Trainee: 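Once you've had a glance at the structure underneath, I'll fire off some questions.
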Amino acid sequence: MKKIEAIIQPFKMEPVKEALKAIGIDGMTLTEVRGHGRQKGHKEVYRGQEYNVDLLPKMKIELVVSDARLEEVLRTLTTAARTGKIGDGKIFVYDVAEAIRIRNDDRGEAAL
Amino acid sequence: MKKIEAIIQPFKMEPVKEALKAIGIDGMTLTEVRGHGRQKGHKEVYRGQEYNVDLLPKMKIELVVSDARLEEVLRTLTTAARTGKIGDGKIFVYDVAEAIRIRNDDRGEAAL
Amino acid sequence: MKKIEAIIQPFKMEPVKEALKAIGIDGMTLTEVRGHGRQKGHKEVYRGQEYNVDLLPKMKIELVVSDARLEEVLRTLTTAARTGKIGDGKIFVYDVAEAIRIRNDDRGEAAL
Amino acid sequence: MDTGFLCNPEKEIGMKFFTLLMFSSAAMAQAPQSVDAKLAALDAAVKSAQSAGDNAWMLTSAALVLLMTGPGLALFYGGLVRRKNVLGTMMQSFILMAVITVLWAIVGYSLVFAEGSPFLGDLRYAFLRGVGIAPNPDYAATIPQQTYMVYQLMFAIITPALISGAFAERMKFSAMLLFTVLWALIVYFPMAHMVWGKGGLLNAALGGKIPTFDFAGGTVVHITSGVSALVCALYLGKRLGYPHEPMKPHSVVLSVIGACLLWFGWFGFNAGSALGASGLATSAFVATHFGAAAAALGWTFVEWIRSGKPSVLGAISGCVAGLVAITPASGFVQPFPALLIGFMAGVICYFMVTLVKHRFGYDDSLDAFGVHGAGGTVGAILTGVFATNLINDGFKDSAGKVMALGWVDGNGAQVVNQLIGSAIAWVLAIVGTLVILKICDALVGLRIDKDAEIQGMDVSLHGEEGYFFET
Amino acid sequence: MDTGFLCNPEKEIGMKFFTLLMFSSAAMAQAPQSVDAKLAALDAAVKSAQSAGDNAWMLTSAALVLLMTGPGLALFYGGLVRRKNVLGTMMQSFILMAVITVLWAIVGYSLVFAEGSPFLGDLRYAFLRGVGIAPNPDYAATIPQQTYMVYQLMFAIITPALISGAFAERMKFSAMLLFTVLWALIVYFPMAHMVWGKGGLLNAALGGKIPTFDFAGGTVVHITSGVSALVCALYLGKRLGYPHEPMKPHSVVLSVIGACLLWFGWFGFNAGSALGASGLATSAFVATHFGAAAAALGWTFVEWIRSGKPSVLGAISGCVAGLVAITPASGFVQPFPALLIGFMAGVICYFMVTLVKHRFGYDDSLDAFGVHGAGGTVGAILTGVFATNLINDGFKDSAGKVMALGWVDGNGAQVVNQLIGSAIAWVLAIVGTLVILKICDALVGLRIDKDAEIQGMDVSLHGEEGYFFET
Amino acid sequence: MDTGFLCNPEKEIGMKFFTLLMFSSAAMAQAPQSVDAKLAALDAAVKSAQSAGDNAWMLTSAALVLLMTGPGLALFYGGLVRRKNVLGTMMQSFILMAVITVLWAIVGYSLVFAEGSPFLGDLRYAFLRGVGIAPNPDYAATIPQQTYMVYQLMFAIITPALISGAFAERMKFSAMLLFTVLWALIVYFPMAHMVWGKGGLLNAALGGKIPTFDFAGGTVVHITSGVSALVCALYLGKRLGYPHEPMKPHSVVLSVIGACLLWFGWFGFNAGSALGASGLATSAFVATHFGAAAAALGWTFVEWIRSGKPSVLGAISGCVAGLVAITPASGFVQPFPALLIGFMAGVICYFMVTLVKHRFGYDDSLDAFGVHGAGGTVGAILTGVFATNLINDGFKDSAGKVMALGWVDGNGAQVVNQLIGSAIAWVLAIVGTLVILKICDALVGLRIDKDAEIQGMDVSLHGEEGYFFET
Ligand SMILES: Nc1ncnc2c1ncn2[C@@H]1O[C@H](COP(=O)(O)OP(=O)(O)O)[C@@H](O)[C@H]1O
Ligand SMILES: Nc1ncnc2c1ncn2[C@@H]1O[C@H](COP(=O)(O)OP(=O)(O)O)[C@@H](O)[C@H]1O
Ligand SMILES: Nc1ncnc2c1ncn2[C@@H]1O[C@H](COP(=O)(O)OP(=O)(O)O)[C@@H](O)[C@H]1O
């Protein structure tokens, strides 16, 4: 099993969710995060002092999938999340040692 | 070392925390997340338009433990977090390459 | 590639960001989390009932770096985040199987 | 005819003025016109002027008392609950602004203020029949009766809303609506009639058997609601997880806003009860402010001493406790006794919500009983102690001599009357509320189910969330 | 001279009193002084007293109407938008408190209230020339004209602010400022003059050709703003993602506070329109409260039945709809018709924002048209039905006989006049707004660009965030 | 006796009316009764009516001024701090509503308004001895002295609260309480006596040596608090991380609500300073509103030009700056000069908080000095320029001739007096505050320790959090 961790633009969340539903991927966990990278933030002025807000709101999507579906899911994700502009975000993939469904102790891929 | 990542029902957080304390597990990090899975969300109506809220509040508990304690902790977690209803959540386990205690640079299991 | 996951004191976020910038590390993702560990929380009294708030606000910094830069980044992080007091936090390191830049499908270290 | 001066000339914009003008320029010019005619004209004009001043204050006061319920109480309570219940809690205050209004128009005003038995008014004013612009001299001779009607309506709105603090976070919306309507009919209207209605059992001004002083509603508003709150808390039982989980306020910020608006609105509640912009209104205004201030200090200091930190929640709870306690006394006591009453209320209520509540273990979720029940009772009794005709010389004996009011005037017996009045309010509240709860329980069921309670009232009852910050 | 009694003695603190004292103690002591002199003194004194009472209420009312815009409307609308637009939305209300004030001082007051054509006033009052402490008997004979001026200003502020609900979350700040100024000049000032200005086409009290009853602004305020809102929504187009994305309120909590403050302030809006603390003010106050209450219930019940859950957003939207509908009627109808008008408005507006809006698919983002356009029209027409001289006997025929007002008085023709008045407001709003939008579009462009809209107005237009909770 | 008409008949509800009725129906019926008796009755009745109107406005104004502190200022400041300090900041305003009230009752009112030296009143009114319902003709002859007392109390509450903006986020609660009490005694009471107290050095109406015009508190309230704020900021030093870290407002939304409530309440502050519902109250009301509006525009436009985006924080800060500057002038200037004063204040204060503050590097955290100190001084001086007897003809020379007030009246010398008055306020504030800070520092220590500051005042001082959204 692999864990896919995608950091995307918040306004891309809906389309991504739809795209994943479309290929039968239900299970996912989302976290509001703030990101820092190539994309420069916006300038804010407070009491005449200007400073750069370089932490931008991003949405983190975590989903654990079977190795078999990995590439398919990655493709779906990238296409759905892409605008082509800097700031689109990243996807990181990790190995998962074990998965358990709390409800009934299912383990491994059965738990997904 | 293993990292345990449990996504549970928010109202199960207290019991889980207690249960872990009981077996001497102190260190943990919690994040408010929203999850999507088998559990269907609730319906909301806004200005007569009905739509389904399918992202439900969940609590993510992350804890890094020594391989030795892994199974014990998993057992404790599942029992404490279980209601038996859909939506109880999942537990994912990952390998940890290294752990460091910032305060004093302890490394490995000593850092937990 | 390795993923560095550092849980630090929120008020250390600025210095840490600066320190990382200084060594040319731009990309990072931050999450507000609450942590539980050796550090005992503060006491709150509500309607005469006293209870201990043992979940303290922490900042989680995630960054994926090439194996080559790992140690350098860890050193920078620990020094910048350290106060020497309990509660400074932890750093965990994980292997990353793959990284993708959504914008242009760059993969591997090229994506960082 | 007495009131013609109010109905006619006042009706048209400007009209009134021309009337006066006519009369008075008359009073100058037209030599022939008799002095008596001129005096009559001036007499009408001066009554119109007196009414304008008093009505200005009473309309303002009516608006202020409504503001106490929404957003005042809605915010005070809304901030004290958990995030998932903020809207459901605010709704329990807001919807009463609508429900009670209709009930009041149909029968409420009549049941309270129409003459009838010592316990309840008759239906002569049902559907506001005969309740017009003409003043009702029994109650307020210088303002339109409709001003009096709508002002008193605002009291009928906030009283049941106060109870919601006790069953917060767990009562069905339908049950809450049914409960409120029945409670108004069975508890509030009778109690209000007894104390304020003409011929009411406890009415001190209009021929009550047991004259009780309650200037703005210590017994009528705070004892009835506070004691009923306790009954509700006991009957409904605790919230899931109480007291193990802290269940602390999700936003003391909202509660501070609410408390400040309550303080602000309470000037209309107490000083408005003078029913005119008179010196008595001023005394009540000052007593109200002093009572609130001293109570905030009392609670803050005792909390600071006992728990090491003065909480903001404590300071605002204190000011509310003081406002509650000074309510019955506000038109009868001097400034320094007002400070004393407030201070005592602050300290006593602090112990009610910290020690007593935990000792007995009931879940008076937002301390409706601890503050309104206790504070109201303290205030009602202390009114008997500190009431003085130096402030209110409106009560005269047959010989027209100003009567001694409270203990400080040498009339210790009044304290007994105050105790009787309070006891009646307690009994009526306990019995009435129990009966009503049984009825509601049977008809619609009182509590939301476990899952709904865990999910929160906002989503489960109203299909909304208080805050949605994601997009 | 008429007004000398207002200017001089009143000016100095205390001065007034000495005047009276002089006169009156005179009236007692100095034997020689003639009775007529004494009567004259009393006559001046009583006018001063009448003015004090009325002015007290009118200054309070003016403040209340300002409160409706800020924070009332700012919160109501601010809570309904998404988090990223909360400040930009509140700013659209707040800045009008400043912009319209200056415009009003320069030409606005004159264009509305100076005599002129039936369609617009002339410039005699430009720069407030001659608008002083002396009353203007044409409009309000017992209060300083400046009180009347500043009270009416508050209406001119909130009306354009209401429109912002339709173009929320997507209009440029510069465009919004330009739009508002032009809209006030081209739509509001003419409409207000026609209905309230001396010699205005629709003025029922001061010689209008087509007497229309609009006590506090059903046509002038709500139809104009509501209909213009619809035009804006259609012209600007939908928000990105509408209606696919829910775009639900980011904080109904703020909206509840806002709605309560609107209700509270509306007492100044309607009861203040009696221009004195008279019995008419009381009738308007009661009608206002009853209308709001019944509408909140109407909306709540129909929503409960149709969608299974009574939302808090529905209850507060309902009360606003009722307040809108009762506005033109408030000084003309009795309490129970007020309940009926409110209830109907609540139900009708519910269907406007749930069915009609979705049927036609326009993005009236915060339902400015659905509530103010629809509610205002309903109210304007029903005013013709329920207006009665039992409440307002200020309209007399040549013979001085009190005239029949609405259908209930047997004057069915009035309903026609109300329809004409409403139609004029609709047409003026549609045409005027279209023209203005074209101008603004050409000059500065109306909509913020796509990225700015995604980022939100707060950051993109104002360089701020509504909430910053990290540190 | 003069005031008997206020004490007695007014005391009982309705009583008053029967009195009038008795007198007047007498005035009609009983033939035998003499015309003079009838005149006397009417004379008493008209005074009662005048008092009702004025008292209605003054009680409303007193409530409005309290509203400015809580929740007005509490929200304005509370929104500007970081989340972790929101409650501690709101508490600094709220607790003063309690503390100052007690202090005022004991000695404050007497030290300010009792006759005494030119610098401080004596103790004749200590514990409010002799401060009853009877008016005090020296100050306000038509309202109960207790109304005047409680109205002025509200000024004494908000003034020290304003200072808290300078030491926000870092002062001990105990130190803040001690500081405030001493500051009221050493700075505010003397200054208020000098300007408003009978025989005060700067009193323009009651025999001051250096007549200074300060209608509602430019010197007394804003210069003293603003300048003291600067001293506090300098003495306490910067917040940890300032100015490196932005420390931007955690909720401009709260600040907007606060600013709107300040604007609303300020009508009571300025128009209430006419001490009656007179034409002067109207002038002050208009000037207040115009000043606020122009200042909001001034700040907004200069910020728009200089930093590219008009911030909402700027607009609300501007309106406050305008309200501050117009305060001393509000009862003396015409509408357009009011616009000018407001506009200048908006622009000047913008530069104070953006350029000057950063140039000198002090941490006036919420710009108490930049807005109140600067705005108050600007307003005090411009009052000398624009004050005119066309608005306020209350000042007469020995010959009873209305005196020229400001430069526009040809009395340029007044500007000098205004400068002297302002200078005295500056010096008193600087010296007094320094002394007090040294005392507090020695006794309890001023600053919370580093860890507490990092953790935030809410948790470290009050054991609470402003927002708890988890459950
Ligand atoms: N090395 C990294 N480790 C963790 N998160 C990263 C890393 N680089 C980028 N991110 C996340 O991805 C987001 C987008 O990256 P950015 O460089 O701004 O644009 P792009 O992905 O188009 O290069 C960042 O805001 C951050 O949240
Ligand atoms: N494949 C997955 N990857 C990541 N998180 C998941 C996955 N499947 C489920 N989750 C998380 O677990 C939660 C519960 O899952 P759900 O399917 O609703 O109930 P159950 O765990 O009982 O099957 C989801 O809300 C989501 O947060
Ligand atoms: N075993 C663990 N797994 C996950 N997070 C941990 C673990 N131990 C500590 N943490 C995180 O690190 C934070 C600091 O740890 P703590 O024990 O309080 O201080 P220290 O790191 O100095 O020992 C905790 O608040 C928690 O968020």
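In what follows, every chain begins at residue 1, and chains take the letters A, B, ... in the order their sequences are listed. All figures in this text were calculated on a predicted structure; none of them were measured in a lab.
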Trainee: Does any backbone or side-chain atom of Pro310(D) lie under 4.5 Å from a heavy atom of chain F? Answer side chain, backbone, both or neither.
Mentor: both
Trainee: Under 4.5 Å from any heavy atom of chain D, what part of Val99(F) do you find: side chain, backbone, both or neither?
Mentor: both
Trainee: Going through the distances and angles, do Leu75(F) and Val256(D) end up as a side chain to side chain contact (heavy atoms under 4.5 Å, CB included)?
Mentor: CA-CA 9 Å; Leu75(F) 283 168; Val256(D) 173; over 6 Å; no
Trainee: Under 4.5 Å from any heavy atom of chain D, what part of Ala74(F) do you find: side chain, backbone, both or neither?
Mentor: neither
Trainee: Shortest non-hydrogen contact from Ala52(F) to Asp54(D)?
Mentor: CB-OD1, 3.6 Å
Trainee: Quick one: closest heavy-atom pair of Ala56(F) and Gly53(D), and the distance?
Mentor: CB-O, 3.6 Å
Trainee: Which distance, rounded to the nearest 0.5 Å, do you find between the CE of Met97(F) and the SG of Cys260(D)?
Mentor: 4.5 Å
Trainee: Using non-hydrogen atoms only, which part of Thr300(D) is less than 4.5 Å away from chain F: side chain, backbone, both, or neither?
Mentor: side chain
Trainee: Between Gln50(D) and Ser48(F), does any side-chain donor sit less than 3.5 Å from a side-chain acceptor?
Mentor: yes
Trainee: Checking heavy atoms, do the side chain of Pro246(D), its backbone, both or neither come under 4.5 Å from chain F?
Mentor: neither
Trainee: Checking heavy atoms, do the side chain of Leu64(D), its backbone, both or neither come under 4.5 Å from chain F?
Mentor: neither
Trainee: Is there a side-chain contact between Trp104(F) and Phe290(D) (heavy atoms, below 4.5 Å)?
Mentor: no
Trainee: Is the shortest heavy-atom distance from the side chain of Lys38(F) to the side chain of Asp43(D) under 4.5 Å?
Mentor: no
Trainee: Nearest heavy-atom pair of Leu128(F) and Pro335(D): which atoms, and what distance?
Mentor: CD1-CB, 4.0 Å
Trainee: Using the six-membered ring wherever Trp is involved, compare the ring planes of Trp263(D) and Phe94(F) and label them parallel, tilted or perpendicular (cut-offs 30° and 60°).
Mentor: perpendicular
Trainee: Could you tell me whether Phe469(F) and His250(D) have their ring centroids closer than 6.0 angstrom?
Mentor: yes
Trainee: Within a strict 4.5 Å, meaning less than it, do heavy atoms of the Leu59(F) and Phe267(D) side chains meet?
Mentor: no
Trainee: Using non-hydrogen atoms and a 4.5 Å limit, figure out which bit of Ile257(D) sits close to chain F: side chain, backbone, both or neither.
Mentor: both
Trainee: Under 4.5 Å from any heavy atom of chain F, what part of Thr60(D) do you find: side chain, backbone, both or neither?
Mentor: side chain
Trainee: Side chain, backbone, both or neither: which part of Ser460(F) has an atom under 4.5 Å from a heavy atom of chain D?
Mentor: backbone
Trainee: Restricting to pairs with a member in residues 460-471 of chain F, which pass salt bridge (Lys or Arg N to Asp or Glu O under 4.0 Å), not counting sequence neighbours?
Mentor: Arg34(C)-Glu470(F), Lys248(D)-Glu465(F)
Trainee: What part of Ser93(F) is in contact with chain D, defined as an atom under 4.5 angstrom from a non-hydrogen atom: side chain, backbone, both or neither?
Mentor: neither
Trainee: Quick one: closest heavy-atom pair of Trp304(D) and Leu177(F), and the distance?
Mentor: CZ3-CD1, 3.8 Å
Trainee: Is it the backbone or the side chain of Met457(F) that comes under 4.5 Å from a heavy atom of chain D, or both, or neither?
Mentor: neither
Trainee: Heavy-atom distance under 4.5 Å to chain F: side chain of Ile316(D), backbone, both or neither?
Mentor: both
Trainee: Taking the side chain as every heavy atom from C-beta outward, state whether Leu261(D) and Pro71(F) have any pair of such atoms under 4.5 Å apart.
Mentor: yes
Trainee: Less than 4.5 Å apart, side chain to side chain, heavy atoms only: is that true for Lys309(D) and Leu461(F)?
Mentor: no
Trainee: Under the ring pair (Phe, Tyr, Trp, His ring centres under 6.0 Å) test, which residues partner Phe264(D), sequence neighbours left out?
Mentor: none
Trainee: Consider only side-chain N and O atoms of Asn55(F) and Thr282(D), and report whether a donor and an acceptor are under 3.5 Å apart.
Mentor: yes
Trainee: With a 4.5 angstrom heavy-atom cut-off, which part of Val252(D) approaches chain F: side chain, backbone, both or neither?
Mentor: both
Trainee: Counting C-beta onward and ignoring hydrogens, is there a side-chain heavy-atom pair between Phe285(D) and Thr147(F) closer than 4.5 Å?
Mentor: no
Trainee: At their closest point, which heavy atom of Val312(D) faces which heavy atom of Leu87(F), and how far apart are they?
Mentor: CG2-O, 3.7 Å
Trainee: Work out which heavy atom in Ser283(D) is nearest to a heavy atom in Gln146(F); give both atom names and the distance.
Mentor: CA-OE1, 3.9 Å
